[in-house]
Amino acid sequence: MTDLKHHTQAGAGSLEGRIFRPSSSAETAEAVELAFDYRGDVTLDLTSGETLTGYVFNRDHAAAEPWIEVLIPAADPDSRRIAYREILSIGFTGVDTANGKSWETWVSKKESDRLAEAARVEADARTRGHL
Amino acid sequence: MAVPLSQMYTVASYVLTQKFKGVKRYPLVLMLEPLFRCNLACAGCGKIQYPDHVLDKRLTPEQCWAAAQECGAPIVSIPGGEPLIHPEMAKIVKGLVAQKRYVYLCTNAILLERKLDEYQASKYLTFSIHMDGLKDEHDLAVCRDGVYEVAVRAIREALKRGHRVTTNTTLFDDANPERVRAFFDEMMALGVEGMMISPGYSYQKAPDQQHFLKREKTRELFSKILRKPKRGWQFNQSPLFLDFLMGRRDYQCTPWGNPTYNVFGWQKPCYLLQEGYAKTFRELIETTRWHDYGTTKNEKCADCMVHCGYEASAVEDTFGSLSGFARTAKLTLLPTSR
């Protein structure tokens with residue numbers, strides 16, 4: 001499939017910034033699996049000309065009409081089911097929230113980096129009123 | 001005895017009823033995740049990495065109560081995210097207690113002291129405090145200094161107010177057995193009702209031989225930690241699950257035993273893997289390809305020995321075999337005989 005490789009600052013192995021334009025149903029299925037595993041929002045271009053951005057949280061590739069389910073911010077209803085055949089492209093446009101969050105990455109960081117990251121997380125929780 | 005008799009009786013009669021009815025797959029503990037947002041960001045935690053709009057979603061009290069009714073499990077565990085961030089958590093808990101579910105509210109305890117006034121002590125409600133070891137280990141695990149002391153203060157206050165309090169601890173292969181045993185001493189000295197322990201889960205793509213070695217390493221670690229248990233230690237979980245962790249019993253996973261409901265729906269197939277979502281509990285049970293999961297069947301499951309898959313297997317063993325029942329009875333009455 002076409003991978004436009006709009007790479008950003010995300011770490012190696014992250015799909016963040018990439019856009020896939022599948023040219024067959026098999027490639028669509030492959031791109032959907034990547035989107036389903038991705039811990040960030042994706043942007044879908046649909047055959048209808050519509051573009052929507054949201055979090056892919058469900059899919060059924062074995063259904064008679066394979067579909068994905070997308071959680072769309074501030075929409076009502078907040079989720080929408082889309083058939084694979086409606087998908088023209090999938091862009092990994094949102095931040096990959098899982099990138100670099102492994103335990104191994106954490107312990108390998110310098111103490112000063114760890115303290116700075118912990119302080120950022122704490123400040124964010126405090127701003128939201130969660131502390 | 002770590003688990004009160006009334007809770008033991010409820011679980012035993014529930015399991016026996018399911019067996020009598022011939023129900024092949026029944027839930028034991030509903031894992032209810034009303035939100036993913038947390039006020040910590042523990043390294044390696046796979047539960048909270050989502051975009052903000054997902055983290056800001058909350059299950060309503062009505063959704064939580066309906067999920068508990070629909071599933072029917074006698075025990076409801078509320079992990080997350082951090083449940084105490086949910087503005088209606090006390091209402092959710094009250095409704096579940098009214099359904100006579102045994103609720104385990106899993107919390108890092110950062111907000112617990114401040115929120116305790118909202119909760120009434122009940123035999124149905126237990127605060128399950130996340131504690132991953134003594135001060136140094138816990139603060140490192142949760143990536144913030146001082147959290148251990150906050151949690152200890154909250155435990156003392158909750159106990160003072162008559163609440164049931166347990167701890168839940170995730171251990172990885174690099175844990176120091178002696179430090180873990182000292183941690184058990186410290187928790188029991190605080191006066192908690194019991195402790196829950198489990199190995200961590202790590203997604204593994206390594207070849208099978210390495211998987212095997214990893215399970216062996218887990219068994220070795222838990223054997224060192226749990227052999228010759230001290231008289232005062234109480235565990236709020238099946239003694240056969242602890243046997244399993246020590247390599248003394250072997251089980252297949254029972255993923256439907258701890259079904260998970262969260263802002264996306266009913267999670268397939270288990271609390272740890274996200275292979276899709278069902279709209280209803282019945283759809284979860286009927287459409288999940290259960291035979292695709294388990295230690296020897298799926299590489300994502302190869303290393304897993306986590307409580308949410310195997311505690312139900314241990315309970316099934318207790319009620320499904322004479323040796324399991326006898327061993328459970330022995331270890332319940334004489335926990336130091338392990």
Heavy-atom contact with chain B under 4.5 Å, split by part of A:V121 =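 Looking at A:V121, backbone and side chain both touch chain B.
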
**Prompt:** What part of A:A125 lies closer than 4.5 angstrom to a heavy atom of chain B: side chain, backbone, both or neither?
**Reply:**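 Answer is side chain: those atoms of A:A125 sit under 4.5 Å from chain B.
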
Taking the side chain from A:R59 and the backbone from B:E275, do they hold a donor-acceptor pair closer than 3.5 Å?
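Yes: the side chain of A:R59 pairs with the backbone of B:E275.
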
- Does B:N39 use its side chain to pair, donor to acceptor, with the backbone of A:L131 at less than 3.5 Å?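 No; zero donor-acceptor contacts below 3.5 Å.
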
Please output the residues of residues 72-94 of chain A in contact with chain B, using a heavy-atom cutoff of under 4.5 Å, in numerical order.
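Interface residues of residues 72-94 of chain A: A:P73, A:D78, A:R81.
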
Considering only heavy atoms, which portion of [X] lies under 4.5 Å from any heavy atom of chain A: side chain, backbone, both, or neither?
X	answer
B:K57	side chain
B:Q274	both
B:L40	backbone

- Item | Shortest non-hydrogen contact from A:A118 toward B:C143 |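 Looking at all heavy atoms of both residues, the shortest contact is CB-O, 3.2 Å.
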
Which pair of non-hydrogen atoms, one from B:G276 and one from A:F36, has the smallest distance, and what is that distance?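 Shortest heavy-atom separation between B:G276 and A:F36 comes out as N-CZ, 3.6 Å.
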
- Answer yes if the ring centres of B:Y50 and A:F57 are under 6.0 angstrom apart, and no otherwise.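 Not close enough - the centres of the two rings lie 6.0 Å or further apart.
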
Discussion item. Using a strict threshold of under 4.0 Å (side-chain N to carboxylate O), is an ion pair present between B:D52 and A:R128?
Written reply: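 Answer for the salt bridge query: yes.
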
Open item on the list: For chain B, which candidate among A:R39, A:E122, A:E69 shows the most heavy-atom pairs at distances under 4.5 Å?
Closed with: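 Result: the option with the highest number of such pairs is A:R39.
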
State the [atom1]-[atom2] distance between [X] and [Y], to the nearest 0.5 angstrom.
X	Y	atom1	atom2	result
A:T53	B:H53	OG1	NE2	9.0 Å
A:T97	B:I48	OG1	CD1	9.0 Å
B:L84	A:H130	CG	NE2	11.5 Å

